[in-house]
Amino acid sequence: MIDRGPSDTTRQQPPPILRTLGRLHGELRAQHGLSLHDYLVLGALAEAEAEAEAEAEAEAETGGGPVPAPMPVARLTAILREPGNRMSFLLKGLQAAGLVERGRRAGDRRTVEVTLTDAGRTRFAGAEGTAQALLHRYLVAAGRGAGTGAPPVTPPSAVPVAAASPGSPSPVCRCG
């Protein structure tokens with residue numbers, strides 16, 4: 001048995017990044033009705049849309065609005081490194097909330113694809129602002145990214161989805 005006094009338990013606080021992620025999860029829940037996982041799923045889909053829109057602009061085919069970019073669920077699962085059953089659970093909740101749409105690929109009915117709805121884009125945009133502000137306040141402003149040897153925080157909107165492969169780090173969250 002280990003004897004610990006009251007002062008010993010107060011010194012054992014979670015690391016700053018863990019506390020910040022907990023705060024972020026709480027703020028996303030309170031302000032936007034999203035879990036941290038929901039936010040990451042919406043972020044990956046938003047990144048896919050941004051990439052598709054950039055490609056369409058390069059080809060001068062866009063009319064100015066968001067370009068729907070259906071993403072296979074298997075790719076989303078690989079990007080976020082979530083098991084398939086967990087991803088199905090997350091997508092079912094996001095679909096019920098009207099934030100994403102799921103459907104079968106026209107050319108290959110075995111493939112399930114997911115896209116953001118207008119409501120999903122709006123909800124993600126608000127959540128992204130909250131996440132950016134909170135990460136800046138608790139990590140960057142507190143000196144975590146400057147001069148301490150800790151890596152700088154890369155916002156999800158600055159990380160291209162194309163860089164992701166099943167064995168690479170998540171393009172949405174550069175947490176480590």
Side-chain angles (χ1 to χ4, degrees), residues 17-18 20-59 61-62 65-132 134-135 151-176:
I17 292 175
L18 184 59
T20 302
L21 288 173
R23 287 179 177 132
L24 177 57
H25 178 74
E27 288 296 316
L28 290 172
R29 280 270 189 223
Q31 293 184 29
H32 307 285
L34 297 172
S35 71
L36 187 55
H37 279 97
D38 294 338
Y39 167 74
L40 293 174
V41 169
L42 294 179
L45 294 172
E47 288 294 324
E49 276 192 357
E51 185 178 280
E53 192 171 330
E55 289 174 12
E57 284 178 8
E59 296 175 11
E61 294 177 5
T62 185
V67 177
M71 180 182 287
V73 172
R75 177 162 164 71
L76 187 59
T77 299
I79 289 170
L80 296 178
R81 296 183 179 184
E82 288 288 344
N85 59 347
R86 175 75 176 144
M87 186 58 66
S88 291
F89 174 80
L90 290 167
L91 291 173
K92 183 178 179 181
L94 291 170
Q95 185 175 18
L99 303 177
V100 299
E101 292 178 349
R102 289 188 292 179
R104 301 273 179 191
R105 181 180 283 172
D108 181 1
R109 305 280 303 155
R110 296 171 297 174
T111 302
V112 177
E113 295 179 319
V114 61
T115 56
L116 278 175
T117 63
D118 289 337
R121 280 183 211 93
T122 302
R123 182 89 58 95
F124 176 73
E128 177 73 351
T130 298
Q132 293 283 339
L134 193 136
L135 291 174
V153 175
T154 303
S157 59
V159 182
V161 170
S165 67
S168 69
S170 167
V172 177
C173 181
R174 297 265 174 112
C175 301

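Because the structure is a prediction, the values reported are computed rather than measured.
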Nearest heavy-atom neighbours spanning Val100 and Leu91: CG2-O, 4.0 Å
Looking only at heavy atoms, the pair that brings Gly98 and Thr117 closest together is O-OG1, 2.6 Å
Indicate yes or no: at least one non-hydrogen side-chain atom of Glu49 is less than 4.5 angstrom from one of Arg121. yes
Pairwise distance CD(Glu113) to CG(Asp108) - rounded to 0.5 angstrom: 9.0 Å
Between His25 (side chain only) and Ser35 (backbone N and O only), is there a donor and an acceptor less than 3.5 Å apart? no
Minimum heavy-atom separation for Phe124 to Gly43, with atom names? CE1-CA, 3.2 Å
Non-hydrogen side-chain atoms of Leu99 and Asp38 separated by less than 4.5 Å: no
Heavy-atom closest pair, residues Ala44 and Leu76: CB-CD1, 3.6 Å
Rounded distance [0.5 Å steps], CE in Met87 versus CG in Leu94: 9.5 Å
Separation between CD (Gln31) and OG1 (Thr130), nearest 0.5 Å, reads 4.0 Å
Side-chain (Arg123) to main-chain (His32) donor-acceptor, under 3.5 angstrom: yes
Strictly by modelled atom types, are Thr77 and Glu82 linked by a side-chain donor-acceptor pair under 3.5 Å? no
Measuring from Met71:CE to Leu116:CG, what's the distance to the nearest 0.5 Å? 9.0 Å
Can a donor-acceptor pair be found, under 3.5 Å and without considering hydrogens, that links the side chain of Thr111 to the backbone of Arg105? no
Test Thr115 against Leu45 for side chain to side chain contact (heavy atoms under 4.5 Å, CB included), laying out the working first. CA-CA 7 Å; Thr115 56; Leu45 294 172; over 6 Å; no
Nearest 0.5 angstrom please: Arg104 CZ to Arg102 CZ, how far? 9.5 Å
dist Arg23:CZ -> Leu135:CG (nearest 0.5 Å) comes out at 11.5 Å
